[in-house]
There are 2 protein chains.
Amino acid sequence: MPRPRTPLLSTERIAEAAMELVDEGEPFGVNAIARRLGVTPSSLYNHVAGRDEIVELMRGRLGEQYLPPAIEGTWDVVVEEMLRAERRMYAEHPFLIPLIVGKTITDPTVIASYDLLATALSGAGFPDDDVLEIVAILDAFSIGFGLDLASPDEIWRPETPTTTLGRLVESSPRGAPRSDRAFEAGLEMLLDGLRLRLARTELD
Amino acid sequence: MPRPRTPLLSTERIAEAAMELVDEGEPFGVNAIARRLGVTPSSLYNHVAGRDEIVELMRGRLGEQYLPPAIEGTWDVVVEEMLRAERRMYAEHPFLIPLIVGKTITDPTVIASYDLLATALSGAGFPDDDVLEIVAILDAFSIGFGLDLASPDEIWRPETPTTTLGRLVESSPRGAPRSDRAFEAGLEMLLDGLRLRLARTELD
DNA sequence: ACCTGAACACCGTTCAAGT
DNA sequence: ACCTGAACACCGTTCAAGT
């Protein structure tokens, strides 16, 4: 069945199938996507350059869904809203995180949201030299807590005796609730820290 | 050359070859390790259970090299020393990070260092329910900034016009120096935030 | 323009065979 | 006990052939 009159594939259909795979926690790959679409792996190469481009397609797709194109309010509201949006995104699609980690970001929607953040920080009075550094901090924060969500329920498996860790691992909440509490506490620290930093900057 | 009188392999030699591969940024895998050791891939399975166990071997190896078995000082000194140790570890072996991310930690040395941290926090007066949450924050911080080191030099590649990001990406420092500055700033925020949190706890 | 099928160079893992 | 070599079920990617 070569060259159907109406195309079987498109970047959208490929991205959609890829996201389904990722959300179900299935192993992600070109072959698996092709299987899900009832098509041969080589067919995909008529629409995308390869595996990496499919990952970037997913990043963009989620960016459109979750990241606000504009935010009203002071710089700290922008930071908070953006981090909460990323948090929701990662919480609802945790398995995407290991795939996008360490890949150059090119998707326009996602670039635009980093730009929004950088513009807000710059406008608030953070020196140019500090802005990208702060964006890096925010990113580390976001990715770090995102990975916390993607982690196995059992992060530590002590096989030797411990004085504190073992006891806590037994008794403490696991999974999403613990991670959410940690995120909230971390977010508060981060915002306080940034406000303090801006106040110090303004003293100069 | 089957069954040499003195074994060609051992977990140590395997871990060593694996680390060499990772540090050189070469693709990591069972086959590549075997090639480097001048041996058949299947030989490795006489010493390790598979790829995942080799990754955990590397984690343990680095833990022994970098993580202090004990730290003198107050809880915040413990936190700072531990994070700096992890930072050095990740900075000198950035390509390991994507491999260990999201894998259950079993290595005794690494478990012991998390235990050290948990014991210090618990002894300082942080409530039991908060300790693992804080450890999760520290971990997110550490991994987040570690990944920042493992990232490509070019994190963002704007292909559409931006108001602020593009300009900053052109002019700002890249790579390790930017990441180091961000780490230091983040560490300070984190420690201030935790001290504040403890002070609040002690008011109750 | 868009899909198939064969082919290529890889993976990680298992297992019988050899000493 | 420890290594080899063949085998298996996968990968991602390329490319000629077909309409």
Side-chain angles (χ1 to χ4, degrees), chain A residues 1-59 95-96 98-104 106 152, chain B residues 1-59 95-96 98-104 106 152:
Chain A
M1 186 223 302
R3 171 75 163 123
R5 34 181 55 242
T6 157
L8 296 173
L9 297 177
S10 64
T11 53
E12 287 74 26
R13 296 182 64 85
I14 292 171
E16 192 184 346
M19 277 305 315
E20 285 174 23
L21 231 39
V22 165
D23 286 341
E24 292 167 15
E26 299 288 319
F28 168 82
V30 177
N31 293 280
I33 294 170
R35 270 193 299 276
R36 181 162 294 237
L37 290 168
V39 117
T40 265
S42 52
S43 314
L44 301 182
Y45 288 80
N46 288 295
H47 302 269
V48 294
R51 191 194 141 106
D52 280 358
E53 190 177 316
I54 300 177
V55 171
E56 193 61 18
L57 278 178
M58 289 193 283
R59 196 209 295 270
F95 297 124
L96 180 67
L99 299 176
I100 58 172
V101 136
K103 295 231 165 89
T104 298
T106 63
Chain B
M1 186 225 299
R3 172 73 164 125
R5 33 180 56 243
T6 156
L8 296 173
L9 297 177
S10 64
T11 52
E12 286 74 27
R13 296 182 65 84
I14 293 171
E16 194 185 344
M19 278 305 314
E20 285 174 24
L21 230 39
V22 165
D23 286 341
E24 291 167 16
E26 298 287 321
F28 168 82
V30 177
N31 293 279
I33 295 170
R35 269 193 300 275
R36 181 162 293 237
L37 290 168
V39 117
T40 265
S42 53
S43 315
L44 301 181
Y45 288 81
N46 288 293
H47 302 270
V48 294
R51 192 193 140 106
D52 280 358
E53 191 178 316
I54 299 177
V55 172
E56 192 62 17
L57 278 178
M58 289 193 282
R59 195 209 296 270
F95 298 123
L96 180 68
L99 298 177
I100 58 172
V101 136
K103 294 231 165 89
T104 298
T106 63

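In what follows, chains are A, B, ... by sequence order, proteins preceding strands, each numbered from 1. Keep in mind that this is a model prediction, so the values were computed, not measured.
- Of the two residues near DNA chain D, A/Gly29 and B/Leu44, the one whose nearest nucleotide lies more 5' is B/Leu44.
- In the set C/dA6, C/dT13, D/dG12, the nucleotide with an atom closest to the side chain of A/Arg51 is D/dG12.
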- Item | Steps toward side-chain contact (heavy atoms from CB on, under 4.5 Å) verdict (A/Glu53, A/Leu44) | CA-CA 11 Å; A/Glu53 190 177 316; A/Leu44 301 182; over 6 Å; no

- Task: Would you write the dot-bracket representation of DNA chain C, where each base gets (, ), [, ], | or . depending on whether it forms a Watson-Crick or G-U pair under 3.5 Å and with which partner?
- Result: ||.|||||...|||||.||

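- Here C/dT13 is the nucleotide among D/dT4, D/dT14, C/dT13 with the atom lying nearest to any side-chain atom of B/Val30.
- Counting only heavy atoms from C-beta on, B/Pro41 has its side chain closest to C/dT13 among D/dC3, C/dT13, C/dC3.
- When each of D/dA6, C/dG12, C/dC3 is scored by its nearest atom to the side-chain atoms of A/Pro7, the top-ranked nucleotide is C/dC3.
- Rounded to whole Å, atom P of D/dG12 lies 15 Å from atom CD of A/Glu53.
- The two residues A/Met58 and A/Ala18 have their closest heavy-atom pair at SD-CB, 3.6 Å.
- Atoms CG (A/Leu9) and P (C/dA1) sit 16 Å apart, rounded to a whole Å.
- Rounding to whole angstrom units, CG of residue A/Asn31 and C1' of D/dT14 are separated by 14 Å.
- The distance from atom OH of B/Tyr45 to atom C1' of C/dG12 is 4 Å, rounded to the nearest whole Å.
- Listed pair B/Ser43 / D/dT4 meets the phosphate criterion, a side-chain N or O lying under 4.0 Å from OP1 or OP2.
- Here the C1' atom of nucleotide C/dC11 and the CD1 atom of B/Ile54 are 13 Å apart, to the nearest Å.
- When all heavy atoms are compared, the tightest approach of B/Thr104 to B/Glu56 is O-OE1, 3.7 Å.
- The structure places CD1 of A/Ile33 at 12.5 Å from OG of A/Ser43, a figure rounded to the nearest 0.5 Å.
- Ion pairing between B/Arg13 and B/Glu16 fails under the 4.0 Å rule for side-chain N and carboxylate O.
- The interatomic distance linking A/Arg13 (CZ) with C/dC2 (P) rounds to 14 Å, in whole Å.
- Minimum interatomic distance between B/Leu21 and B/Ala32 (heavy atoms only, all atoms of both residues): CD2-CB, 3.5 Å.
- Listed pair A/His47 / C/dC3 meets the phosphate criterion, a side-chain N or O lying under 4.0 Å from OP1 or OP2.
- The CG atom of B/Leu21 sits 10 Å away from the P atom of C/dG12 (whole-angstrom rounding).
- Using a cutoff of 4.0 Å between basic side-chain nitrogens and carboxylate oxygens, A/Glu24 and A/Arg36 are scored as salt-bridged.
- The nearest whole Å value for the distance from the CZ atom in B/Arg35 to the C1' atom in C/dG12 is 12 Å.
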